[in-house]
Amino acid sequence: MTVLSCVRSCYRSINVKSCLLIYLIVSWPLITCAKSETLSQALGNAYLLNAELAAQRADTRAVDESLPGALADYRPSVSGNADAGLLKERYIFPGSPNLDRTSRPAGASVQVSVNLFNGFQTSNKVSQAMAQIMYSREYLRYTELSVLANGVQSYMHVLRDSAVVTLREDNLKLLKRQVVDTQDRVRLGEVTETDLAQTSAALAQAKIELVNSLSNLAASKESYKQVIGVVPASLSPAKPLVKLLPQTLQEARMIANADHPLITAASHNVETAKYAVKIAAGELLPSVSLTGTLGRRNDYAGVQKQRYNEGLVVGQLSVPIYDGGATYSRVRGVKEKETQAQAQLDQQRAQVLAQVGASWAAWQNSHLAIAASLDQVTYAEAALAGVREEARLGQRTTLDILNAQQLLVNARITLINTQHDQVISSYSLLASMGHLSAETLSLSVLRYSAQQHLDKVQNKWFGLTP
């Protein structure tokens, strides 16, 4: 039995307000239905199955390779050469027979080069690679945050739209019974054809609203499948986060300023730009390298069986003097990029803190909205009961009853929306602080470790796989 079927059955046994608390999407369940998927399980599926998150993990692993690439400049470079050929020679001597000679010259050599000094470019490239890796990890953390936030929205949209469909279906059944009752009363002369027309019009409107609600539910389910990675089945009610949220706006902003992934990523981007300046400036410094060559040739100089062995060690000092100003231009350019990165950090911090403020306001106002919505439902229920009683005494018309019923349906939908918004606002506040993650939510999934991949590849000298 699903949550919605539990709701339908409870309508036959307890009062309407109690039932409303059961199927409202964020209320604590008052009855126990069969096993259904929880929000935590759905977010666990998103963590494991979401394509956007999987793509970002692959991108982070690709960035990891920048570190062994930078470390390669500390290591020797080894190359080998080999050649073989056939040499035919003819010597012509006047008055004497020609001399033909055939040889097979061949040789092989191995060259080893070591960079001893290159203006500190290698060390700065290694540091820059680490900054890039940390930037990528923070962006991965932000992607995880975004996917989980979208997962919460998708989950809550399905719950909300399912509850609205249930309301619309119940309202449609009620209006169908009213049409039949009104037809009977018309035949008895208690009401006129106008009353029947009004009830039939309300029934037609209810059908339109149900169709629209079903369309919304179908769209929400498709979005759920895209984000979560599975088709939604039976979903359990969800509660807003309370224990994980700060008590004050100032505390929320302090947490975001210290730990939001977009801010920390922008900080690492500034580091990357600083090392780019140092790398470019290193091109203006001298470089020192050492090269060793070991080789051997057979049939050297075309003489059969003559061999030539070679061993050579060369140290080279290269001092840049002037290259037309190209290097100076690059240094000036990357300095401006550093200034840009710092400005982007300030901009990102301002955006994050503004989002924290907006999320905090939405979270605080959600409590007031729910209280008002509950009052609206209570008063709408009382109004409908009163109008029905007055209509029985001849003081109200059929149209008054229809209006009161529609007012109650709208009030219940408003309550569904406000409780839906409260759950989302609580998770949005946590996300705006940068703390919405599988770890924070204690999701029952195997956590992805970016460091594990880096440990595999950073000291890897050979191989096409980690």
**Q** Just jot down the salt bridge (Lys or Arg N to Asp or Glu O under 4.0 Å) partners of Asp375, sequence neighbours excluded, or say none.
**A** none
**Q** Could you list the residues that satisfy salt bridge (Lys or Arg N to Asp or Glu O under 4.0 Å) with Arg447, not counting sequence neighbours?
**A** none
**Q** Using the side-chain contact (heavy atoms from CB on, under 4.5 Å) rule, take Val270 and Gln344 through it: C-alpha gap first, then chi angles, then the decisive distance, then the call.
**A** CA-CA 9 Å; Val270 173; Gln344 289 174 337; over 6 Å; no
**Q** Under the rule for salt bridge (Lys or Arg N to Asp or Glu O under 4.0 Å), what residues qualify as partners of Glu338, not counting sequence neighbours?
**A** none
**Q** Please output the side-chain donor-acceptor pairs of residues 348-356 that fall under 3.5 Å, not counting sequence neighbours, one pair per line with the distance.
**A**
from	atom 1	to	atom 2	distance (Å)
Arg349	NE	Asn257	OD1	2.7
Gln355	NE2	Ser359	OG	3.1

**Q** With sequence neighbours excluded, tell me which residues meet ring-ring contact (aromatic ring centres under 6.0 Å, His included) with Trp363.
**A** His367
**Q** Under the salt bridge (Lys or Arg N to Asp or Glu O under 4.0 Å) test, which residues partner Glu138, sequence neighbours left out?
**A** Arg141
**Q** Do Arg57 and Thr60 have a side chain donor and acceptor closer than 3.5 Å?
**A** no
**Q** Considering only heavy atoms from C-beta outward, does the side chain of Arg168 approach that of Val409 to under 4.5 Å?
**A** yes
**Q** Please list, chain by chain and in numerical order, all residues satisfying side chain to side chain contact (heavy atoms under 4.5 Å, CB included) with Ile255, sequence neighbours excluded.
**A** Glu251, Met433, His435
**Q** Can you give the donor-acceptor pairs under 3.5 Å from side chains of residues 61-74 to other protein atoms, not counting sequence neighbours?
**A**
from	atom 1	to	atom 2	distance (Å)
Arg61	NH1	Tyr448	OH	3.1
Asp64	OD2	His453	ND1	2.9
Ser66	OG	Val63	O	2.6

**Q** Flag the pair Asp161 and Lys221 as a salt bridge only when some basic side-chain nitrogen lies within less than 4.0 angstrom of an acidic carboxylate oxygen.
**A** no
**Q** Which donor-acceptor pairs under 3.5 Å do the side chains of residues 308-317 make with protein atoms, sequence neighbours left out?
**A**
none

**Q** Does anything in residues 82-118 form a ring pair (Phe, Tyr, Trp, His ring centres under 6.0 Å)? List the pairs, not counting sequence neighbours.
**A** Phe117-Phe120
**Q** For Asp455, enumerate each residue passing the side chain to side chain contact (heavy atoms under 4.5 Å, CB included) test, keeping only those at least two apart in sequence or located in another chain.
**A** Gln451, Gln458
**Q** Examine the side chains of Asp421 and Ser425 and answer whether a donor and an acceptor come within less than 3.5 Å of each other.
**A** no
**Q** Only pairs at least two apart or in different chains count here, so list each side chain to side chain donor-acceptor pair (under 3.5 Å) that has a residue in residues 119-133.
**A** Asn118-Thr122
